[in-house]
Amino acid sequence: IALNLRDLAPKPFRYLNFQKSPYLFANNSPKQSRELVFFGCNFTGYYPKTTRKIIEIFGEAGIDFSIDCCGKPLYEAHRGYFDETKKHLDELFAAKGVETLICACPNCYHFLKDKVSVKIKTLYEKYEELGLAADIEEEAHMFFPCPERNGREIFNTMAHRIKNKKESFKDVNCCGLGGLARGEEPEIAKQYPITVRNKNTPNIYTYCATCAGNFAKNGCKNVKHVASYMLGVNESPNLSYLKNVLGLKFYKRSRK
């Protein structure tokens, strides 16, 4: 419904286009890589230590990385805006010889899986293949990101590692950042993280960096990203977003 209404009354979204098309903080290379870790936009902004650890470990296995926008924000602003991003991604994957994309972001995974020609797998599937995934033994209060609310396709690839899952947030529809809510309905957007915070759970586990970052910005404590804790980095959301994305934009690859 929202996409159809935006088609009927399109807005220019000039800042979004400026930031995302092409993505200002992208880091790509011509390095050949049959598999490619695709971080998307926000993972690197909120989890710089975890990003570097993944780059390091996967690099030893001959897997390159891409920091880039999947095009979902552009598509949802105006479907036509995605065309240039799709062309860019298709050309990037073809030039690098990519056969499989390893997605660190649930939004990227669900958005791209029927829009690009390469295979797509989750970061957690690759963790298993490389023997990296550690069990999470503590009580884990799971917050499921928007694209996972129904099928939980990504969660099902790592649920066996989360030994004591709790579902404490069934009454919370979103982290507060979906659907341009922060700009158009700020009172609703603010209420979601407040509701999560007021539940006073000992921790909040999610596998969406955007959700984690927004919860942390709104005073939620013990916010934990599954990807970071499974890897043993145990990084809390880092709120120095601009510093982090700039640092990783200029991250130099190993010459190996």
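These numbers were taken from a predicted model, which means no experiment stands behind them. Scope of the values below: all heavy atoms of this structure, side chains included, with no hydrogens, waters or symmetry mates.
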Would you mind telling me which of K224, K166, K163 makes a salt bridge (Lys or Arg N to Asp or Glu O under 4.0 Å) with E138?
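Passing option: K224.
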
So, does K11 use its side chain to make a donor-acceptor pair with the main chain of A77 at under 3.5 Å?
no

Under 3.5 Å donor-acceptor, T51 side chain and Y47 backbone
yes

For the [atom1] atom on [X], are there more than 12 heavy atoms of other groups (residues, nucleotides or ligands in this structure) within a distance under 6.0 Å?
X    : atom1 : answer
K221 : NZ    : no
K217 : NZ    : yes
N150 : CG    : no

Report yes if some heavy atom in the side chain of L101 is under 4.5 Å from a heavy atom in the side chain of K119; otherwise report no.
no

Could you tell me whether the side chain of T122 reaches within less than 4.5 Å of the side chain of Y207, counting heavy atoms only?
no

Using a strict cut-off of less than 4.0 Å between a Lys/Arg side-chain nitrogen and an Asp/Glu carboxylate oxygen, indicate whether [X] and [Y] qualify as a salt bridge.
X    : Y    : result
K86  : D90  : yes
E84  : K87  : no
K165 : E139 : no

Would you list the pairs meeting salt bridge (charged side-chain N to carboxylate O under 4.0 Å, His left out) in which at least one residue belongs to residues 91-104, sequence neighbours left out?
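Checked against salt bridge (charged side-chain N to carboxylate O under 4.0 Å, His left out) - neighbours excluded - the pairs reaching residues 91-104 are R34-E99, D64-K96.
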
Among residues two or more places apart or on two chains, list those pairs meeting salt bridge (charged side-chain N to carboxylate O under 4.0 Å, His left out) that have a residue in residues 187-214.
D171-K199

Just to verify, what does A104 make a side chain to side chain contact (heavy atoms under 4.5 Å, CB included) with, not counting sequence neighbours?
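Expected list: F39, F43, L123.
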
Using 0.5 Å steps for rounding, measure from the [atom1] atom of [X] to the [atom2] atom of [Y].
X    : Y    : atom1 : atom2 : value
E137 : R161 : CD    : CZ    : 10.0 Å
T44  : D68  : OG1   : CG    : 10.5 Å
K53  : E56  : NZ    : CD    : 4.5 Å

Is the NZ or CZ atom of R152 both under 6.0 Å from the centre of the six-membered ring of F144 and within 45° of that ring's axis?
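Yes, R152 and F144 form such a contact.
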
Side chain to side chain donor-acceptor pair (under 3.5 Å), that's the test. Do T157 and E125 meet it? Break it down for me.
CA-CA 6 Å; T157 68; E125 290 174 288; 5.2 Å; no

Joint hydrophobic cluster, Y75 plus Y81, side-chain heavy atoms closer than 4.5 Å:
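Cluster IDs for Y75 and Y81 differ.
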
Using a distance-only test with no angle check, is there a side-chain donor-acceptor pair under 3.5 angstrom linking N173 and R149?
no

Linking Ile, Leu, Val, Met, Phe, Trp and Tyr through side-chain heavy atoms less than 4.5 Å apart, which residues share a cluster with F169?
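The other cluster members (ILVMFWY side chains, heavy atoms under 4.5 Å, direct or chained) are F143, V172, I188, Y192, V196, I204, F215, V223.
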
Taking the six-membered ring for Trp and the full ring for Phe, Tyr or His, determine whether the centres of H141 and Y205 are under 6.0 Å apart.
no

Would you say the ring centers of Y109 and F111 fall short of 6.0 Å from each other?
no

Should the ring pair F25 and Y23 be called parallel, tilted or perpendicular, given that the plane angle runs from 0 to 90° and is split at 30 and 60?
perpendicular

Partner of N42 under side-chain hydrogen bond (donor to acceptor under 3.5 Å, both in side chains), picked from T210, N244, N107, is T210

Quick one: which residue pairs count as a ring-ring contact (aromatic ring centres under 6.0 Å, His included) with a foot in residues 85-106, not counting sequence neighbours?
none

Test ring-ring contact (aromatic ring centres under 6.0 Å, His included) applied to Y127 - qualifying residues, sequence neighbours left out
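In terms of ring-ring contact (aromatic ring centres under 6.0 Å, His included), with neighbours along the sequence ignored, Y127 is linked to Y124.
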
